[in-house]
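Here is the structure we will look at.
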Amino acid sequence: MSGELRPNLVALQTIVYREVRRFLRIWPQTLLPPAITMVLYFVIFGRLIGARIGEMGGFSYMEYIVPGLIMMSVITNAYGNVVSSFFGAKFQRSVEELLVSPVSPHIILIGYVIGGVLRGLAVAAIVTMLSLFFTHLTLHHLGITVLVIFLAATIFSLCGFVNAVYARNFDDISIIPTFVLTPLTYLGGVFYSIHLLPPFWQVVSLANPILHMVNAFRYGILGVSDIHIGTAVVFMLGATAVLYLVCIRLLVSGRGMRQ
Amino acid sequence: MSSALSIRQLTKTYGNGFQALKGIDLEVAEGDFFALLGPNGAGKSTTIGILSTLVNKSGGTVNVFGHDLDAQPSALKRCIGVVPQEFNFNQFEKVFDIVTTQAGYYGIPLRQARERAEEYLTQLGLWDKRNAASRELSGGMKRRLMIARALVHQPRLLILDEPTAGVDIELRRSMWSFLTELNKKGITIILTTHYLEEAEQLCRNIGIIDHGQIVENTSMRALLAKLHAETFLLDLKESLLIEPQLEGYPARLIDSHTLEVQVEKSLGITDLFAQLAAQNIEVLSLRNKTNRLEELFVSLVEQNLAKVAK
């Protein structure tokens with residue numbers, strides 16, 4: 001590995017640089033829309049409707065929803081970055097540039113995931129800064145906040161990769177975000193505490209992985225959560241490991257890429 | 001001379017059951033300029049796909065400069081540069097970025113990658129276009145970009161799949177001289193092409209593949225020596241109404257000013273002109289009806305087709 005390590009690190013740097021260059025080049029499609037969407041959420045749900053809702057979990061409604069909205073941005077952007085970039089490479093066949101080269105499948109995957117994580121974090125930073133115009137934020141636990149945001153971005157980058165591998169056309173890359181990701185996010189405690197739900201639906205909600213991410217992140221910032229943080233972190237670590245293995249298996253087999 | 005490429009009993013059966021390669025053996029010496037020819041669907045692109053690891057083989061072994069495809073894929077890949085038949089770069093990226101990014105995939109640090117990108121883009125006449133998005137390039141420029149990209153990690157074996165398809169004759173000739181220079185520098189080149197005069201002009205050795213089998217693998221000279229007769233077209237100064245009687249030379253009039261004559265190699269062409277002069281037929285110019293290699297290629301493929309049909 002030592003002889004291969006240096007070239008692989010250069011390759012990793014190349015993939016990450018290319019991914020970042022890609023989402024910065026098309027910033028009106030990647031960075032601007034989440035900023036506009038989140039401002040609308042802050043104004044409509046936070047200011048207008050939130051003022052009538054009052055407090056939730058001991059915080060103003062605006063403060064309560066900001067961590068969830070940041071997490072929502074991270075999830076959708078990390079996912080969207082990898083799925084569109086990798087599917088685009090497949091569609092244009094430029095993925096062959098990578099496949100004919102000696103880059104290890106691990107480096108290819110890590111490169112794409114870092115690209116997704118960086119876009120997720122870039123959008124998170126933008127949304128966080130915008131939220132400061134509407135409310136003030138304190139940081140309850142820096143370690144949890146950083147860990148959860150990284151793990152969530154990683155998990156959804158890996159999910160985006162799986163989607164891109166299986167996708168055969170552009171419709172296939174919008175089905176999962178539209179019919180799975182968005183409903184799970186909206187039902188994942190971004191806008192409400194699950195304690196507002198009847199007991200049965202509280203239990204059902206616990207099966208939603210996004211609920212754990214949103215609440216763990218909310219705990220990091222506000223110090224309140226509907227779920228047990230340890231469980232959420234273990235779940236996220238496990239999901240990362242499983243998804244990583246799935247993605248590597250897909251890459252090595254060349255599914256949808258090699259004949 | 002050591003072997004650049006050694007293929008043994010290579011087979012490929014696709015998921016739909018189509019057997020694209022039926023156990024081919026192929027040897028390409030280091031420093032060779034090798035033509036791999038065959039009709040559409042013969043198995044050329046499958047062979048190249050396996051070499052470049054874009055197609056998984058079903059059986060057999062592939063060895064490039066001593067590196068086995070199964071045991072040392074990374075080392076093998078470092079030795080190979082591939083110019084595919086279809087454009088396969090990001091249409092939205094800049095020309096310069098495409099080449100430097102490819103260098104990065106091979107572990108070449110950015111500074112060195114930039115130097116090499118400048119070198120190859122300049123040699124291929126694309127330096128002025130380095131900041132253009134690749135989709136803005138003409139077809140010929142895109143082909144040259146793929147060659148620059150394939151060379152940036154300085155491979156020892158360059159594989160070109162139809163590199164001059166759709167390229168105008170002037171550009172094709174400049175690409176021929178570029179490839180010849182590369183080969184003189186020691187880079188082994190494997191070329192597939194439908195332009196047989198291109199193969200005849202550039203390549204020293206040739207393999208003809210048909211229905212997933214190698215039907216000929218020899219030197220260009222030995223192959224051309226198999227051609228017993230050539231067909232010439234003579235442009236005549238005066239018009240003729242009937243074919244002249246030419247002993248030993250079957251002839252027919254294409255039109256009043258064009259005579260087609262078949263010339264056996266053993267007879268030569270001198271006696272033909274003597275007979276024409278004796279009949280006061282003046283010839284303005286002479287040309288081959290088809291490329292010599294093309295005549296052989298067609299006859300070999302037809303023979304194989306008959307064999308397969310049996």
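Letters A, B, ... mirror the listed sequences (proteins, then strands); counts begin at 1.
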Exercise. Could you go step by step and tell me if L191(B) and L202(B) meet the side-chain contact (heavy atoms from CB on, under 4.5 Å) rule?
Worked result: CA-CA 9 Å; L191(B) 172 84; L202(B) 295 174; 4.2 Å; yes

Problem set entry | Test of ring centre spacing under 6.0 Å for F42(A) and F133(A) | no

Problem set entry | Heavy-atom contact with chain A under 4.5 Å, split by part of F92(B) | both

Exercise. Of L237(A), I210(A), L243(A), which meets side-chain contact (heavy atoms from CB on, under 4.5 Å) against I155(A)?
Worked result: L243(A)

Exercise. Where does Y14(B) contact chain A at under 4.5 Å (heavy atoms): side chain, backbone, both or neither?
Worked result: side chain

Problem set entry | Choice from A113(B), G81(B), P84(B), S52(B) maximising heavy atom contacts with chain A below 4.5 Å | S52(B)

Exercise. With only heavy atoms counted, which part of R21(A) is less than 4.5 Å from chain B, the side chain, the backbone, both or neither?
Worked result: side chain

Problem set entry | Option in L110(B), V55(B), T53(B), T46(B) with maximal non-hydrogen atom pairs under 4.5 Å from chain A | T53(B)

Exercise. Can D68(B) and L76(B) be said to form a side-chain contact (heavy atoms from CB on, under 4.5 Å), step by step?
Worked result: CA-CA 7 Å; D68(B) 182 74; L76(B) 179 141; over 6 Å; no

Problem set entry | Which of L12(A), I26(A), V100(A), I15(A) touches chain B most, by non-hydrogen pairs under 4.5 Å | V100(A)

Problem set entry | Cation-aromatic face contact R156(B)/F65(B), 6.0 Å, 45 degrees | yes

Problem set entry | Proximity breakdown for Q102(B) and chain A, heavy-atom pairs closer than 4.5 Å | side chain

For this session: Select, from G254(A), G111(A), S101(A), the one with the greatest count of heavy-atom pairs under 4.5 Å involving chain B.
Result: S101(A)

Seminar exercise, completed: Highest number of heavy-atom pairs under 4.5 Å with chain B among A11(A), S94(A), S104(A) belongs to S94(A)

Problem set entry | Verdict with reasoning, I187(B) to L157(B), per side-chain contact (heavy atoms from CB on, under 4.5 Å) | CA-CA 6 Å; I187(B) 296 178; L157(B) 171 63; over 6 Å; no

